[in-house]
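Sequential numbering from 1 along the given sequence is applied to the chain's residues.
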Amino acid sequence: MKQLIIIGAGGMGRTFYDMSRESVGYGVEYEIKGFIDDNLASLDAFENYPPIVGTISDYMPQENDVFVCSIGGISRRACIEKILSRGGEFI
């Protein structure tokens, strides 16, 4: 089963989490592994979310990891390129 990692644990990342749980394939084709975010304290004020499993800067994709990017603006491209350069796969 694929392990979904959401890049960015801000407001849009938390929205992606909720949408992912309601999407076709959840629990059958993929599970939500968690978030990666360079601010490891991003979820400290929030409950009932999966963990931040690492930073965008350092996360090494594992077998079955797939990614979705919730970061917008100019930094989006750099985040995606970092993950792709390490062999990550996006959905």
Side-chain angles (χ1 to χ4, degrees):
M1 185 174 301
K2 298 291 184 181
Q3 300 292 310
L4 179 64
I5 297 176
I6 301 165
I7 301 173
M12 183 57 76
R14 295 188 306 274
T15 298
F16 276 26
Y17 168 73
D18 292 333
M19 290 175 14
S20 298
R21 290 180 42 221
E22 296 173 6
S23 296
V24 172
Y26 174 67
V28 176
E29 296 176 25
Y30 70 91
E31 297 174 335
I32 302 168
K33 185 173 185 176
F35 298 88
I36 57 174
D37 196 302
D38 284 342
N39 177 2
L40 296 175
S42 293
L43 296 175
D44 286 357
F46 301 94
E47 296 181 4
N48 302 317
Y49 285 99
I52 295 177
V53 296
T55 64
I56 298 165
S57 301
D58 297 324
Y59 189 80
M60 292 301 295
Q62 307 294 307
E63 185 176 353
N64 294 321
D65 283 354
V66 291
F67 298 85
V68 63
C69 187
S70 73
I71 295 174
I74 197 164
S75 59
R76 177 182 179 90
R77 182 179 183 144
C79 291
I80 291 172
E81 287 176 349
K82 283 178 186 177
I83 298 301
L84 287 174
S85 72
R86 297 181 199 132
E89 175 185 344
F90 282 79
I91 58 170

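- Nearest approach of Pro61 to Gly87, heavy atoms of both residues: CG-C, 4.4 Å.
- Scanning all heavy atoms of the two residues, the minimum distance from Ile52 to Ser42 falls at CD1-CB, 3.9 Å.
- In terms of heavy-atom proximity, Ile7 sits nearest to Cys79 at CG2-CB, 4.3 Å.
- Residues Ile32 and Tyr26 form a side-chain contact, since some pair of their non-hydrogen atoms from C-beta on lies under 4.5 Å apart.
- Val28 and Ile91 sit in two unconnected hydrophobic clusters of ILVMFWY residues. Membership requires side-chain heavy atoms under 4.5 Å apart, directly or through other members.
- Residues Leu43 and Arg14 form a side-chain contact, since some pair of their non-hydrogen atoms from C-beta on lies under 4.5 Å apart.
- Linking ILVMFWY side-chain heavy atoms closer than 4.5 Å, directly or via other members, places Tyr49 and Ile36 in two distinct hydrophobic clusters.
- A donor-acceptor contact shorter than 3.5 Å is absent between the side chain of Ser70 and the backbone of Met12.
- Considering CG of Asp37 and CD1 of Ile71, their distance stands at 6.5 Å, rounded to 0.5 Å.
- Within the model, atoms CD1 of Ile80 and OG of Ser85 stand 12.0 Å from one another, a figure rounded to the nearest 0.5 Å.
- A continuous path of hydrophobic side-chain contacts links Tyr17 to Leu4 [ILVMFWY only; heavy atoms under 4.5 Å].
- Side-chain contact check for Leu84 versus Phe67: every heavy-atom pair is 4.5 Å or farther apart.
- Scanning both residues, Lys2 and Val66, for their nearest heavy atoms gives CD-CG1, 3.7 Å.
- Between Lys82 and Ser57, the closest side-chain pair of non-hydrogen atoms falls below 4.5 Å.
- Counting heavy atoms from C-beta on, the side chains of Leu40 and Phe35 never come closer than 4.5 Å.
- Summarising the geometry of Ile56 relative to Arg86, their closest heavy-atom pair is O-NH1, 3.0 Å, with the distance given to 0.1 Å.
- Within the 4.5 Å cutoff, side-chain heavy atoms of Ser20 are placed close to those of Tyr30.
- Proximity of a side-chain donor or acceptor of Asp58 to a complementary backbone N or O of Thr55 within less than 3.5 Å is not detected.
- The number of heavy-atom neighbours closer than 6.0 Å to CZ of Arg77, taken from other residues, nucleotides and ligands shown, is 12 or below.
- The side-chain heavy atoms of Ile5 and Ile83, taken from C-beta on, include no pair separated by under 4.5 Å.
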